[in-house]
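Report on the structure given below.
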Amino acid sequence: MPPVRAALWRTLRAHQVYGANTDVGKTIVSTILCNAVQRRKAEKAAFLKPVSTGPLDEADDRHIQRHAAGTLTKCLYQFDEPVSPHIAARQKNFVIPRDDDILGSVHKTLSEWARTGISFALVETAGGVHSPGPNGNSQADLYRPLRLPVVLVADSRLGGISSSISAYESLLLRGYDVNSVLLFRDDYYKNHEYLGDYFRNKSIPLVPLPQPPKRPQSQDAVSLAQDEEAMTGYYRQVAQETDVQSLLDELAARNAERIDRLESMASRAHDTIWYPFTQHHGMTAKDITVIDSAHDDYFQTFELSGSADQGNLQPTFDGSASWWTQGLGHGNPELALSAAYAAGRYGHVMFAGNVHEPALSLAELLKESLGNPRLQKVFYTDNGSTGMEVAVKMGLRAACHRYGWDASKEQISILGLKGSYHGDTIGVMDCSEPSTYNQKVEWYRGRGYWFDFPVVKLSQGTWKVEIPKVLRDSLGEDFEFSSLNSVFDLETRVKSDAGERYRDFIRTTIEDLVHRQGMKFGSLIMEPIILGAGGMLFCDPLFQRCLADVVRSHPDLFTANTMHTNIPGSESWSGLPIIFDEVFTGLYRLGRKTAASFLNVHPDIAVNAKLLTGGLLPLCTTLASEEIFQAFSSPEKSDALLHGHSYTAHAVGCTVAVDSLRAMTKLESSGSWNTYRDDWKAVDVSGEDNSPEVWSVWSRDLLRDLSYADSVESVFALGTVLSISLRDAQGGGYTSTAAKGLQQRLSAGGPQYNVHSRVLGNVLYLMSSVTSKPETLRELEGLLRSALL
């Protein structure tokens, strides 16, 4: 099923009619609006009822046909029982339409009307805003991908003020634009007066209408005929006594203004905005993608020359998961509700010396769920870079405290891996080797030593560990594996010859750095498994495991003072504090709650961000051991960890993070990813699965086929991440343009959607959310096959 396009046309003004409650007169309002359009020269109205329940002769589209002559009408799914759609659809063995089918049919119908000259269309819902559709999902969520502007029919009855405002807020919470409100006058309750002021303050026009005739008690032919005559007279009265034409002008103006804003956004942005990670030299406005909204895995991007049959909005797969943050889908209503609740309860409150429930709940949940007994304290920041700044401060202080070093008088460096990237703030820039990211930053010094390392890749159908040429004398030649799972069988591999060579090389290198060159190291910092911004580098997990093992088992490597090498207690750090930067790789990005679990290593400090809030808000946590926490404890204020920012432990972010983590944990425990897991299962000759579980949402067949492509140097996939390295005669790297061609082909896309992707030199990567549907990913894989095979 192709993704749903949001609905926007310059020639067709399409609106969705929602009711604040059941029986508030949605169809009467629709009839009034359609009649008003029909009275205009060169205008033609249409009415669409996606789902209708009840007797056919009482159907809403029939009412429109009788009282709004000339209006084109259509009903997509008719159920004859006068009950809620989710009940009616299950009776008489109806084939229940999927939500995607309903949305696709709505958009297809509107597209046909746009092509045939319809200028105004109403899509009328059933019941109230949250009345369920055929599958039991709230209509507010069901129709959200279309993001049609809303005509809200308010409730004029007792309690109608509350239900009308609640309906409006529910729509607002889901990203709808409410363009107008209509309701019937009631001289006793006077809801129209109160609501008129309420919506006027929000710049939303409200039109009060005369009360329609009461329905006859009897259903005999005479009564029904009288009712028809009364309604005909009522519609004539409304046309004469109310200024509905002005409302239609307002709706037309809002539609035009929306498109005008979208048309101008790229040029306005080009004049105003300084973009991250962007060389603006030669950049033009047409290089900027205009996003009107986002839902599920897709942006809805604006096309300047939209077609009459498709509209001006194009679904675009969010191929970078919005810089690796997207976890539970764009526009997730549950997370939006969580954020609204916390915003209403707290806003933001000062955190230093205080506590609120969201921050405490998240801290306790992380300690419980990450499965690392070392991690006892949680420090809050706002993003991965500042979270890593805190981690480095923690690690260096703990090392200096133990070894008696004075960082003000001597350089304390870090150990890491080549290609590492921990953020753009000045401190953590120094934790990475010189690169395109930092070498032209005036304060950059590069305080560390970074190991070159073996990388894992799939090439020509075979999983390989490729040893850098400069290390082959020490580590041996490349070697191959029968499956990705076997690469991660570390408890077997750590005892192998390769494991011994890795440890010897690491130990002798550190020994030379410390005891011969005189370097002092305060922490070992690693992005476990995948080094993201450095080029999606898939480090051999055995090398990272051995690096952690050597650091912990040989504290004598780091100081000549043997009194500091015998550290009791299994939870004490040894050698150096080990910091895992899981900003990118943590929290199910790679298919597991922690990337550390692949290595069977418990770091002393761990940093999480990106997926922490499911893709909704910036938030970061730095977790540390009790021992590292105690390194900052003294009677002196100056010895404290004097780090923070105004929005520390932002209550809205913490609330969303708690719900996000619980949602992802539920996805894991409920078997939502079993289809992917089954695809990647490794079975040995005995027919049993004896390997660690490693899987990806990207199909194993796709990887195998791409690995044979002439233009592909290698590929890998893990969890939600797919990385494709393109051949480059110049050797690749961040400044390579080898992946640009593939990026452009994906951007052109197919007839149904295109793909927004990011490249890192000669590497193009794609990333899904953890809620992506298998059919969505298989369709995207088809685009990749077309582009590369």
Side-chain angles (χ1 to χ4, degrees), residues 4 6-7 15-30 48-54 60 76-77 79 81-90 96-103 106 122-183 191 195 198-199 202 204 293 295-296 328-344 616 659 663:
V4 176
H15 295 80
Q16 189 137 32
V17 180
Y18 271 105
N21 209 331
T22 57
D23 200 28
V24 294
K26 293 189 303 297
T27 304
I28 294 175
V29 169
S30 295
L48 176 62
K49 188 79 173 183
V51 178
S52 179
T53 63
D60 296 333
L76 298 176
Y77 300 96
F79 305 102
E81 293 294 325
V83 291
S84 176
H86 76 290
I87 298 174
R90 284 159 178 74
I96 302 174
R98 299 185 314 162
D99 287 354
D100 287 348
D101 295 329
I102 297 171
L103 292 171
V106 170
L122 296 176
V123 180
E124 187 179 287
T125 59
V129 165
H130 284 300
S131 293
N135 291 286
N137 298 320
S138 165
Q139 288 183 113
D141 295 329
L142 165 58
Y143 294 112
R144 164 57 182 83
L146 296 168
R147 217 179 83 81
L148 285 162
V150 169
V151 172
L152 176 63
V153 181
D155 192 344
S156 61
R157 301 167 296 188
L158 178 65
I161 291 175
S162 176
S163 63
S164 299
I165 294 174
S166 295
Y168 165 72
E169 291 181 346
S170 289
L171 293 168
L172 199 67
L173 191 68
R174 286 161 174 79
Y176 286 93
D177 295 325
V178 177
N179 278 7
S180 65
V181 179
L182 296 95
L183 83 166
N191 290 358
L195 292 173
Y198 176 85
F199 285 108
K202 301 183 182 304
I204 299 173
S293 66
H295 187 272
D296 197 23
L328 296 171
H330 292 285
N332 185 299
E334 297 300 324
L335 296 188
L337 192 62
S338 297
Y341 166 75
L616 187 62
D659 288 345

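Bear in mind that the values here come from a model prediction, so they are computed numbers and not experimental data.
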Could you list all the side-chain hydrogen bond (donor to acceptor under 3.5 Å, both in side chains) pairs where at least one residue sits in residues 170-183, not counting sequence neighbours? Y18-Y176, H130-S170, D141-R174, R147-D177

G128 backbone acceptor or donor facing Q139 side chain under 3.5 Å: yes

Are any side-chain N or O atoms of T53 and backbone N or O atoms of S84, one a donor and one an acceptor, separated by less than 3.5 Å? no

At what distance, to the nearest 0.5 angstrom, does CG of L195 lie from OG of S156? 10.0 Å

Report yes if the side chains of L328 and E334 come closer than 4.5 Å at any heavy-atom pair, otherwise no. no

Taking salt bridge (Lys or Arg N to Asp or Glu O under 4.0 Å) as the definition, give me every residue that meets it alongside D659, ordered by chain and number, with sequence neighbours left out. none

Could you state the interatomic distance from CG (L48) to OG (S52), rounded to the nearest 0.5 Å? 11.0 Å

So does L76 get a backbone contact from the side chain of K49, meaning a donor-acceptor N/O pair under 3.5 Å? no

Given side chains that start at C-beta, do those of Y143 and L148 come closer than 4.5 Å, heavy atoms only? no

For H295 and P145, work out which heavy atoms get closest and say how close. CE1-CG, 3.5 Å

Is Y198 atom OH crowded by more than 12 heavy atoms from other residues, nucleotides or ligands, each under 6.0 Å away? yes

Taking every non-hydrogen atom, the tightest pair across A20 and A154: CB-CA, 4.1 Å

Can you find a heavy atom in the side chain of D155 that is under 4.5 Å from one in the side chain of N191? no

Side chains of V153 and V17: closer than 4.5 Å at any heavy-atom pair? yes

Quick one: CZ on R98 to CG on N137, what's the gap to the nearest 0.5 Å? 12.5 Å

Worked verdict on L172 versus V178 for side-chain contact (heavy atoms from CB on, under 4.5 Å): CA-CA 8 Å; L172 199 67; V178 177; 5.9 Å; no

Does the side chain of E81 come within less than 4.5 Å of I87's, by heavy atoms? no

To check you understand the geometry: which heavy-atom pair defines the closest contact between V24 and N21, and what is its length? CG2-O, 3.4 Å

Could you pull out the closest heavy-atom pair between G19 and L152, with the gap in Å? C-CD1, 4.2 Å

Just wondering, do N135 and I96 contact through their side chains at under 4.5 Å, heavy atoms? yes

Is there a side-chain contact (heavy atoms from CB on, under 4.5 Å) between D23 and R157 once you walk through the steps? CA-CA 10 Å; D23 200 28; R157 301 167 296 188; 4.0 Å; yes

Measuring from R90:CZ to F79:CZ, what's the distance to the nearest 0.5 Å? 9.5 Å

Residues two or more places apart in sequence or in another chain: which of them pass ring pair (Phe, Tyr, Trp, His ring centres under 6.0 Å) with F199? Y168

With a 4.5 Å limit on heavy-atom distance, are the side chains of P50 and V123 in contact? yes

Assess the residue pair R144 and S138 against the criterion (side-chain contact (heavy atoms from CB on, under 4.5 Å)); give the C-alpha distance rounded to whole Å, side-chain angles, the decisive distance to 0.1 Å, and a yes or no. CA-CA 10 Å; R144 164 57 182 83; S138 165; over 6 Å; no

Would you say that S164 contacts L183 through its side chain, given a criterion of any heavy-atom pair below 4.5 Å between the two side chains? no

Which atom names give the shortest non-hydrogen contact between N332 and L335, and what distance separates them? OD1-N, 3.1 Å

Using the side-chain contact (heavy atoms from CB on, under 4.5 Å) rule, take E124 and L122 through it: C-alpha gap first, then chi angles, then the decisive distance, then the call. CA-CA 6 Å; E124 187 179 287; L122 296 176; 5.8 Å; no

Quick check: closest heavy atoms across S131 and T22, and the distance to 0.1 Å? OG-CG2, 4.3 Å

